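Side-chain atoms are counted along with the backbone in the values below, which use heavy atoms only and exclude waters and symmetry mates. Every value quoted in this text rests on a predicted model; they were computed, and no experiment measured them.
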Amino acid sequence: MIGAVAPSTRGLGEQLAAIVPQRGTPTVVELGPGTGPVSAIIRQRMPSGGRQLAVEIDMNMVDYLRRRHPWLTVLPGDAAALDTLLADADVRRVDAVVSGLPWSIFPLPRQERMLGSICQVLNPGGAFTTFGYLHARRMSGARRFHELLERRFEEVVVTRAVWSNLPPALVYVCRRAVPHA
Ligand SMILES: C[S@@+](CC[C@H](N)C(=O)[O-])C[C@H]1O[C@@H](n2cnc3c(N)ncnc32)[C@H](O)[C@@H]1O
């Protein structure tokens with residue numbers, strides 16, 4: 001197929017950003033953008049008129065992102081308070097949430113709070129992507145996180161391994177949030 005790229009040949013950032021709608025005027029939020037490599041990929045996919053935001057907890061990163069990517073609306077704060085941070089920025093709902101957060105270091109109650117906040121702001125047709133490392137997928141923390149995703153979303157698709165990432169990673173593509181799971 002001309003113009004299509006098989007999922008397994010795309011990099012991690014491209015796989016995470018694949019849920020960004022390419023038509024209309026979507027609102028997209030990224031959690032934990034770090035220095036912004038995935039933000040740049042999201043930007044390439046965004047149709048003109050779309051709104052791109054990012055929530056980052058580390059103020060050094062926030063300052064860096066604002067200098068380096070002035071087109072990005074950076075909301076300083078904790079992704080666990082996503083709904084409040086977005087409301088303060090006059091955003092009620094978003095079409096896609098792309099996460100670069102290190103989920104495995106968060107204890108379960110924090111993971112639950114963060115996912116709850118994500119589900120609260122996603123439009124019914126919206127989607128959420130995040131990633132985990134291939135070597136850790138059978139570890140209890142990764143399995144627990146996967147179970148949590150399955151509880152919070154009606155559909156959770158795990159992509160094939162992204163071998164080009166070091167370490168190789170898997171992307172979770174989640175749709176149809178379950179309210180109050
Ligand atoms: C793995 S790094 C980001 C990776 C990024 N895609 C990159 O390649 O640079 C994770 C980021 O999440 C941020 N972060 C961690 N916990 C967070 C939280 N609770 N809310 C928002 N950002 C958080 C960190 O400060 C860090 O910038």
Side-chain angles (χ1 to χ4, degrees), residues 1-7 9-59 61-103 114-131 149 152-157 159 162 164-165 169 171-179:
M1 209 186 340
I2 295 169
V5 183
T9 66
R10 292 186 297 183
L12 182 59
E14 283 79 9
Q15 298 242 25
L16 288 168
I19 56 166
V20 172
Q22 291 186 285
R23 294 200 178 85
T25 53
T27 301
V28 175
V29 64
E30 182 185 0
L31 309 178
T35 56
V38 177
S39 320
I41 295 169
I42 293 172
R43 187 189 189 204
Q44 284 171 10
R45 279 187 67 94
M46 289 286 285
S48 60
R51 189 161 181 205
Q52 184 177 348
L53 307 104
V55 174
E56 174 54 61
I57 203 166
D58 182 330
M59 279 314 291
M61 294 292 181
V62 170
D63 291 344
Y64 177 86
L65 287 163
R66 285 178 168 161
R67 275 199 315 275
R68 184 76 203 265
H69 303 307
W71 42 265
L72 183 65
T73 302
V74 185
L75 308 178
D78 185 344
L82 180 61
D83 46 343
T84 311
L85 292 169
L86 288 176
D88 290 347
D90 268 338
V91 176
R92 284 198 57 238
R93 291 259 187 265
V94 302
D95 301 290
V97 178
V98 175
S99 163
L101 294 175
W103 288 96
M114 286 173 150
L115 277 178
S117 197
I118 291 166
C119 292
Q120 212 172 318
V121 301
L122 262 184
N123 270 327
F128 165 61
T129 47
T130 188
F131 72 95
L149 290 176
R152 299 291 336 201
F153 292 90
E154 282 182 26
E155 181 184 290
V156 178
V157 174
T159 64
V162 184
S164 57
N165 195 68
V171 174
Y172 299 89
V173 184
C174 310
R175 296 181 193 276
R176 298 192 297 281
V178 179

Mark yes or no for whether [X], through its side chain, and [Y], through its backbone, hold a donor-acceptor pair below 3.5 Å.
X    : Y   : value
D95  : V28 : no
S117 : A81 : no
S164 : G11 : no

Would you compute the distance between atom [atom1] of [X] and atom [atom2] of [Y] and round it to the nearest 0.5 angstrom?
X    : Y    : atom1 : atom2 : answer
S99  : Y172 : OG    : OH    : 11.5 Å
L115 : R152 : CG    : CZ    : 7.0 Å
M46  : T25  : CE    : OG1   : 9.0 Å
I57  : D78  : CD1   : CG    : 4.0 Å
L31  : I118 : CG    : CD1   : 5.0 Å
D58  : L65  : CG    : CG    : 9.5 Å

Partner residues of Y64 under the ring-ring contact (aromatic ring centres under 6.0 Å, His included) criterion, sequence neighbours left out: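 With neighbours one apart ignored, the set is empty.
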
Determine, step by step, whether L86 and L75 satisfy the side chain to side chain contact (heavy atoms under 4.5 Å, CB included) criterion, reporting the C-alpha distance in whole Å, the side-chain angles of both residues, the deciding distance to 0.1 Å, and the verdict. CA-CA 8 Å; L86 288 176; L75 308 178; 4.0 Å; yes

If you look at every heavy atom in [X] and [Y], which pair is closest and at what distance?
X    : Y    : value
V162 : L12  : CG1-N, 3.5 Å
I19  : A96  : CD1-CB, 3.8 Å
F131 : A169 : CD1-CB, 4.3 Å
L53  : L72  : C-CD1, 4.2 Å
A79  : L101 : CB-CD1, 3.8 Å
R66  : V74  : NH2-O, 3.0 Å

Check the orientation of W103 and F128. Use parallel for under 30°, tilted for 30 to 60°, and perpendicular for over 60°.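 Perpendicular.
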
Are the side chains of [Y] and [X] in contact, using a 4.5 Å heavy-atom criterion?
X    : Y    : answer
S39  : Q52  : yes
R175 : V173 : yes
P47  : P26  : yes
H69  : W71  : yes

Can you confirm whether R93 is buried at CZ, in the sense that more than 12 heavy atoms of other residues, nucleotides or ligands lie under 6.0 Å from that atom?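 Counting neighbours around CZ of R93, more than 12 heavy atoms of other residues, nucleotides or ligands fall under 6.0 Å, so yes.
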
According to the salt bridge (Lys or Arg N to Asp or Glu O under 4.0 Å) rule, which pairs have a member within residues 31-49, sequence neighbours left out?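 Checked against salt bridge (Lys or Arg N to Asp or Glu O under 4.0 Å) - neighbours excluded - no pair reaches residues 31-49.
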
List the steps and the verdict of side chain to side chain contact (heavy atoms under 4.5 Å, CB included) for T130 and V171. CA-CA 6 Å; T130 188; V171 174; over 6 Å; no

